[in-house]
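Every heavy atom of this structure was used, including side-chain atoms; hydrogens, water molecules and symmetry mates were not. Remember, it's 1-based here, ligands and their atoms both numbered in the order they're listed.
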Amino acid sequence: MTSPSAIVIETRGLGKVYSIGRAPIVALEDISFAVAEGSFVSLVGPSGCGKSTLLLMLAGLVPSTSGEVLVDGSVVRKPAPDKISIIFQDATLLPWKRVSENIEFPLEIQGMKAAERRDRAAAMLSLVGLSDFGARYPHELSGGMRQRVSIARGLAPDPRIMLMDEPFGALDEQTRIKMGHELLGIWSKTRKTIFFITHSLTEALFLSDVVLVMSHRPGRIVGVIKADLPRPRTYDIIGSAEFGAARNQIWKLISQDEDQAADEGMASL
Ligand SMILES: Nc1ncnc2c1ncn2[C@@H]1O[C@H](COP(=O)(O)OP(=O)(O)OP(=O)(O)O)[C@@H](O)[C@H]1O
Ligand SMILES: [Mg+2]
């Protein structure tokens with residue numbers, strides 16, 4: 001068994017240049033960090049700084065132009081859906097399939113037998129509190145429920161790593177807070193390693209062990225903030241002095257970087 005502090009994801013000098021059209025876009029530059037097994041790590045940064053690109057590279061879906069991604073010490077060259085699940089902002093469920101069939105779908109692709117698939121889907125639905133909705137179609141559910149189905153689908157193959165790209169971005173604030181609590185509940189039961197992208201500094205701190213802060217394009221890691229807040233976390237923690245201080249620290253990193261980007265923009269006029 002791996003020790004709790006084993007490194008499961010590592011990036012070394014990772015870079016990405018998109019070469020479409022005449023001017024290449026340097027999306028990421030020299031990204032190096034490590035994620036401990038079983039930890040909850042968030043990534044925050046301004047729009048367009050390369051967060052989704054980084055997530056797709058961790059999943060082996062987008063190749064790097066420099067540096068490398070390692071999962072369990074091996075260089076990632078292609079997707080490994082049995083090990084890594086991705087959950088996007090939109091639930092991306094198949095509208096013509098029932099909720100349970102949507103959850104079974106990745107298992108079917110893996111070749112799992114029908115009876116086992118059904119049991120697994122039922123267990124995942126129970127985990128996300130939707131046991132009574134397996135026979136419904138996605139359009140019969142609310143946005144929050146659909147997102148819970150997509151989390152259940154991501155958990156179904158029992159991956160060690162869950163990559164989540166703004167999974168609650170399309171939800172109203174109240175549902176979003178509730179989903180955050182639920183995700184922490186699922187995480188504490190399953191002890192997956194979670195890599196979570198969000199625009200919300202509060203959400204990042206509330207959920208995470210570590211918050212990675214990225215700069216304006218080209219994306220670089222400008223801070224690694226440890227969220228040393230007690231668990232299990234309740235909503236009250238957001239009002240604490242500790243939480244406020246950590247949030248301020250992240251805000252300073254982001255706003256300093258934005259000021260610098262604006263100054264550089266002015267200088268080049
Ligand atoms: N397939 C692609 N081809 C060309 N350029 C791309 C591609 N994907 C992303 N980019 C560019 O790379 C940069 C980073 O994009 P990315 O989507 O990773 O940012 P992001 O931080 O996830 O933004 P947001 O917070 O808005 O989701 C942007 O300038 C974007 O235009
Ligand atoms: Mg994005």
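- For atom 1 (N) of ligand 1, the closest heavy atom belonging to the protein is Tyr18 CE2, 3.7 Å.
- In summary, Glu203 and Arg176 engage in a salt bridge, as defined by a charged side-chain N under 4.0 Å from a carboxylate O.
- Ligand 1 places these atoms under 4.0 Å from at least one heavy atom of Gly50: 14 (C), 16 (P), 18 (O), 19 (O), 20 (P), 21 (O).
- Regarding atom 15 (O) of ligand 1, its nearest protein heavy-atom neighbour is Thr53 OG1, 3.9 Å.
- Judged by distance alone, with hydrogens and angles left aside, the side-chain atoms of Asp172 form a donor-acceptor pair with the main-chain N or O of Gln174 at under 3.5 Å.
- In terms of protein heavy-atom proximity, atom 31 (O) of ligand 1 is closest to Ile25 CD1, 4.4 Å.
- The nearest heavy-atom contact from the protein to atom 25 (O) of ligand 1 is Lys51 NZ, 2.7 Å.
- Here the heavy atom of the protein found nearest to atom 26 (O) of ligand 1 is Ser47 OG, 2.6 Å.
- Shown in contact with His199 at under 4.0 Å from a heavy atom are these atoms of ligand 1, numbered in order with element: 25 (O).
- With a 4.0 Å heavy-atom cut-off, ligand 1 is reached by the backbone of Ser52 and by its side chain too.
- If you chain together hydrophobic residues whose side chains sit under 4.5 Å apart, Leu184 and Ile161 never meet in one group.
- Protein heavy atom in closest approach to atom 29 (O) of ligand 1: Arg217 NH1, 3.1 Å.
- A salt bridge links Glu182 and Arg148; the closest N-O separation between the charged side-chain nitrogens and carboxylate oxygens is under 4.0 Å.
- Pairing each heavy atom of Thr193 with each of Ala36, the nearest pair is CG2-O, 3.8 Å.
- Leu125 and Ser100 make their closest contact through CD1-CB, 4.4 Å (heavy atoms, listed as atom of the first residue, atom of the second, distance).
- For atom 14 (C) of ligand 1, the closest heavy atom belonging to the protein is Gly48 O, 3.4 Å.
- In summary, Ser52 places an N/O/S atom under 2.8 Å from the Mg ion (ligand 2), meeting the contact criterion.
- Asp90 has no carboxylate O lying under 4.0 Å from a charged side-chain N of Arg146, or vice versa, which leaves the two without a salt bridge.
- Within the 3.5 Å criterion, the main-chain N or O of Lys192 finds a donor-acceptor partner in the side chain of Trp187.
- For ligand 1, the atoms lying closer than 4.0 Å to a non-hydrogen atom of Glu166 are 25 (O), 27 (O).
- Distances below 4.0 Å separate heavy atoms of Ala27 from the following atoms of ligand 1: 12 (O).
- One distance of note links CG of Asp30 with OG of Ser66; it measures 8.0 Å at 0.5 Å rounding.
- Each of the atoms 3 (N), 4 (C) of ligand 1 lies under 4.0 Å from some heavy atom of Ile20.
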